[in-house]
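What follows is a set of notes on a single structure, which appears directly below.
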Amino acid sequence: MDGKIKLLPILLFGLYAVWYFFDHRQTVPITGRKHLVDINPTQEAAMGLQSYQQVLHESQVAPASSKLVQTVRSVGERLAKVSEDPGYQWDFNVLVSDQVNAFCLPGGKVAVYTGIIPVAKTDDGLAIVMGHEIAHAIARHGAERMAQQKLVQMGEIAAGVAMSSMDSTKQQGIMVALGLGAQYGILLPFSREHESEADHMGLVFATRACFDPEEAPKVWERMAAMSHGQPNQFMSTHPSHETRIQQFGKWMPEALEIKRKNCSN
Ligand SMILES: [Zn+2]
């Protein structure tokens, strides 16, 4: 049997998704973007803490006495103070690893891998890297992604119901297409938007803490020089290095104004 698509389940899902967004939308500090977040900060911080403890447990954590850890902590604390902190329990650690990486989990749990230190190069560069990671947590990008994935899954269920009287091979084909559409049309563009937002907010935090904003494009140039053969922008969750550097140019006047107002030297 090859029936038609039922429109009612799609319509109901569409209405529900719109209602859900407006009922749960929050505003990202600094950029003012409205986004969907449907868990509370306490739940989010608990998940962050659990992942953080697990990573620390599985990694080689640099001793608190090391010069690098002291630098990371002092840069981190300066950033946290100006980061629109909603009351996080901040924690900063250095993980001994070649990985060119750093992260900030919900609730303010920050780790910097030793592998990213040559890219950061200076305290100003470190502030750009850490500011970016802290911005992801302040903007609650992880929770937003979870909410989006939940809605995408519900949409797929609605599509399944809508197609229930169709031929099953045809159904499968459409489901695969919808899955790809959601991935490339919704989830990946949002990931890139999150990266740009974290770059922007991180630049503001670093500048408010009186680090040099003009170090930002240089950090990403060093990153580009280190990571050869990056996947193209459409496929990747990150904006290309070129886009990134161009965007910093756009935000630089705002940053220099913050610097002029807050940091006399
Ligand atoms: Zn990022």
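All ligand and atom numbering here is 1-based and tracks the order in the structure. Hydrogens, waters and symmetry mates play no part in the numbers below; they use all other heavy atoms, side chains included.
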Angular separation of Glu195 OE2 and His136 NE2 about the Zn ion (ligand 1), given to 10°
80°
Should the pair Phe92 and Trp90 be assigned to parallel (<30°), tilted (30 to 60°) or perpendicular (>60°) ring geometry?
parallel
Where does the angle between the aromatic ring planes of Phe248 and Trp220 fall among parallel (under 30°), tilted (30 to 60°) and perpendicular (over 60°)?
parallel
The Zn ion (ligand 1) to His132: any N/O/S contact under 2.8 Å?
yes
Look at the N, O or S atoms of Glu133, main chain and side chain alike, and state whether any lies under 2.8 Å from the Zn ion (ligand 1).
no
According to a hydrophobic-cluster definition based on side-chain heavy atoms being under 4.5 Å apart (Ile, Leu, Val, Met, Phe, Trp, Tyr only), do Ile39 and Tyr88 belong together?
no
Can you see whether Phe211 has Arg78 sitting over its ring - NZ or CZ less than 6.0 Å from the centre and within 45° of the normal?
yes
